[in-house]
Amino acid sequence: MAAADSLRDVSSTIPTSVTEVVSGLAAHGYLADEGLATAIFLSLSMKRPLLLEGEPGVGKTEVAKALSALTGGELLRLQCYEGLDASQALYEWDYPRQLLHLRAAEAAGTIGSDTEAVENELYSERFLVRRPLLDAISPRHDVAPVLLIDELDRADDEFEAFLLEVLADNAVTIPELGTFRATTPPIVIITSNRTRDVHDALKRRCLYHWVEHPDLEREIAIVQARIPGANELMARQVARLVAELRSIGLFKPPGVAETIDWVTALTSLGRTSIDGASVDASLGAVVKYREDADRVRAHGIDALVEAAQTAG
Ligand SMILES: Nc1ncnc2c1ncn2[C@@H]1O[C@H](COP(=O)(O)OP(=O)(O)OP(=O)(O)O)[C@@H](O)[C@H]1O
Ligand SMILES: [Mg+2]
């Protein structure tokens with residue numbers, strides 16, 4: 001109970017049980033299973049970052065968005081990529097504006113009389129460009145922001161080490177300005193598609209959850225939550241079809257995003273249930289590699305459709 005009470009101090013909209021996580025996220029269109037909801041609850045109550053790994057399109061990124069909507073905390077997103085460094089993640093000085101300011105000071109003749117004052121001004125918060133990490137630990141938040149560090153596996157090892165340092169301290173020192181410390185530490189969600197392994201040192205700081213594809217009923221419910229008014233028969237048949245496609249060894253098995261797209265595509269084609277011809281015609285909504293499309297066709301679209309139509 002102590003953990004739950006301390007959570008209430010931060011914000012009354014922070015869920016205080018696994019059930020509240022499930023219902024709170026569902027209210028914002030995200031349908032989490034028990035395992036994911038438990039991981040989220042523990043991450044909130046233990047105030048530890050949550051590392052989510054899983055296949056593409058299983059809802060990793062969306063967790064952070066739904067959590068931000070649920071808690072009322074600002075969503076701060078850091079999209080990782082190869083070559084991402086501290087200045088792009090934390091802060092930069094606005095060099096062009098500093099230069100303009102300097103020129104203006106020169107023109108006004110103030111620079112000769114008080115160089116130090118001009119220099120201090122140049123390195124003041126006015127010329128600081130805050131990036132998501134600095135934003136997340138700056139003391140301006142009343143409600144804990146949700147810091148989404150998306151696709152960490154795309155960033156380099158050095159960035160991971162740097163991130164570890166920031167997350168451990170919830171503080172950052174900018175030489176010219178001093179130390180920034182979070183008064184309300186962020187809720188941190190880190191995602192990875194596991195194109196490489198995240199290092200153990202970072203994993204040790206985080207709680208970990210592998211996000212699975214949803215089961216059939218949940219996937220149907222997700223489609224209905226995401227496409228209000230979606231035809232139920234169509235949602236069910238497409239979800240079954242996608243489940244079949246996930247089992248035939250495709251290079252890129254479809255995620256939930258593709259299920260949603262496929263239902264939208266087939267509905268746009270005027271269908272209320274699946275049939276071989278329209279499934280074939282709209283395959284590009286769900287299979288994005290030529291080899292995978294060949295594999296699906298070699299497997300037999302009519303057989304797949306028939307299985308999806310007749311499955312119990
Ligand atoms: N459990 C869920 N509840 C509601 N919507 C979901 C759920 N899972 C996935 N979705 C939907 O599927 C789409 C894809 O989810 P998301 O982008 O979060 O996947 P991802 O795991 O981050 O994929 P990637 O690895 O490609 O970035 C989202 O638009 C979201 O609407
Ligand atoms: Mg994502």
Side-chain angles (χ1 to χ4, degrees), residues 15 18-41 43 49-71 75-82 84 132 146-155 187-198 206 208-230 232 234-236 238-239 241-243 245-246 250-267 285-289 292:
V18 176
T19 321
E20 272 185 40
V21 172
V22 172
S23 58
L25 291 177
H28 294 280
Y30 192 92
L31 306 181
D33 63 21
E34 180 92 7
L36 176 59
T38 305
I40 293 170
F41 172 68
S43 147
L50 177 60
L51 171 59
L52 297 176
E53 285 191 331
E55 302 288 332
V58 288
K60 302 180 296 295
T61 300
E62 201 69 23
V63 167
K65 295 184 189 168
L67 207 50
S68 149
L70 164 61
T71 61
L75 179 68
L76 300 166
R77 180 175 185 169
L78 178 64
Q79 175 63 53
C80 298
Y81 51 88
E82 209 181 318
L84 173 67
V146 177
L147 173 62
L148 166 62
I149 299 168
D150 215 7
E151 305 185 352
L152 180 63
D153 51 327
R154 291 199 195 188
I187 295 165
V188 182
I189 305 286
I190 303 172
T191 79
S192 162
N193 281 344
R194 216 175 166 196
T195 54
R196 69 164 174 84
D197 273 332
V198 171
C206 299
Y208 175 85
H209 183 74
W210 175 264
V211 186
E212 295 281 359
H213 286 122
D215 62 28
L216 185 71
E217 293 307 322
R218 188 176 307 279
E219 189 146 8
I220 295 166
I222 292 171
V223 169
Q224 289 177 318
R226 294 286 159 180
I227 316 173
E232 205 203 321
M234 171 73 90
R236 182 165 292 275
V238 170
L241 205 47
V242 168
L245 292 187
R246 286 179 192 144
L250 298 182
F251 171 58
K252 284 282 175 202
V256 180
E258 282 72 31
T259 312
I260 296 169
D261 280 350
W262 214 2
V263 171
T264 309
L266 287 162
T267 308
V286 73
V287 173
K288 312 287 171 78
Y289 285 82
D292 279 350

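This structure is a prediction, so every number in the text was calculated from the model and none was measured. Read the numbers this way: they start at 1 and go in the same order the structure lists the ligands and their atoms.
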Compare every heavy atom of [Y] with every heavy atom of [X], then report the nearest pair and how far apart it is.
X      : Y      : result
Ile190 : Pro49  : CD1-CB, 4.3 Å
Pro254 : Val286 : CB-CG2, 3.5 Å
Asp292 : Lys252 : OD2-N, 2.9 Å
Ala37  : Val22  : CB-CG2, 3.5 Å
Glu20  : Pro15  : OE1-CA, 3.4 Å
Ala235 : Val223 : CB-CG1, 3.9 Å

Does the Arg196 side chain pair with the main chain of Ala155, one donor and one acceptor, at a distance under 3.5 Å? yes
Could you check [atom] against the protein and tell me its nearest heavy-atom contact, residue, atom and distance included?
atom                    : answer
atom 4 (C) of ligand 1  : Gly29 O, 3.1 Å
atom 6 (C) of ligand 1  : Ile222 CG2, 3.6 Å
atom 10 (N) of ligand 1 : Val256 CG1, 3.8 Å
atom 17 (O) of ligand 1 : Thr61 CB, 4.1 Å
atom 19 (O) of ligand 1 : Gly59 N, 3.1 Å
atom 5 (N) of ligand 1  : Arg226 NE, 3.1 Å
atom 18 (O) of ligand 1 : Glu62 N, 2.8 Å

Using salt bridge (charged side-chain N to carboxylate O under 4.0 Å, His left out), reason through Glu258 and Arg246 one step at a time and then give a plain yes or no. CA-CA 11 Å; Glu258 282 72 31; Arg246 286 179 192 144; over 6 Å; no
Pair Arg77 + Asp150, salt bridge at N-O below 4.0 Å: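 Counted as a salt bridge, because a side-chain N and a carboxylate O are separated by less than 4.0 Å.
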Looking only at distances, please establish whether an N/O atom of ligand 1 is found under 3.5 Å from an N/O atom of [X].
X     : value
Gly57 : yes
Leu31 : yes
Val58 : yes

Just wondering, do Thr19 and Phe41 contact through their side chains at under 4.5 Å, heavy atoms? no
Out of all atoms in ligand 1, which are within 4.0 Å of some heavy atom of Lys60? Include the element for each. 18 (O), 19 (O), 20 (P), 21 (O), 22 (O), 23 (O), 24 (P), 25 (O)
For ligand 1, which atoms have a heavy atom of Asn193 less than 4.0 angstrom away? 25 (O)
Return yes when Glu151 approaches ligand 1 closer than 4.0 angstrom through a heavy atom, no otherwise. yes
Take Arg236 and Glu217 through the salt bridge (charged side-chain N to carboxylate O under 4.0 Å, His left out) test and state the conclusion after the steps. CA-CA 8 Å; Arg236 182 165 292 275; Glu217 293 307 322; 3.0 Å; yes
If you compare Ala26, Gly54, Ala257 by their heavy atoms, the one closest to atom 14 (C) of ligand 1 turns out to be Ala257
Check the Mg ion (ligand 2) and write out every protein N, O or S atom at under 2.8 Å, as residue and atom. Thr61 OG1
Counting only heavy atoms closer than 4.0 Å, does ligand 1 sit against the backbone of Ile260, its side chain, both, or neither? side chain
Hey, mind stepping through Ile189 and Leu52 against side chain to side chain contact (heavy atoms under 4.5 Å, CB included) and telling me if it holds? CA-CA 7 Å; Ile189 305 286; Leu52 297 176; 3.9 Å; yes
So, Thr191 versus Glu151: side-chain donor-acceptor pair below 3.5 Å or not?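 No donor-acceptor contact under 3.5 Å links the two side chains.
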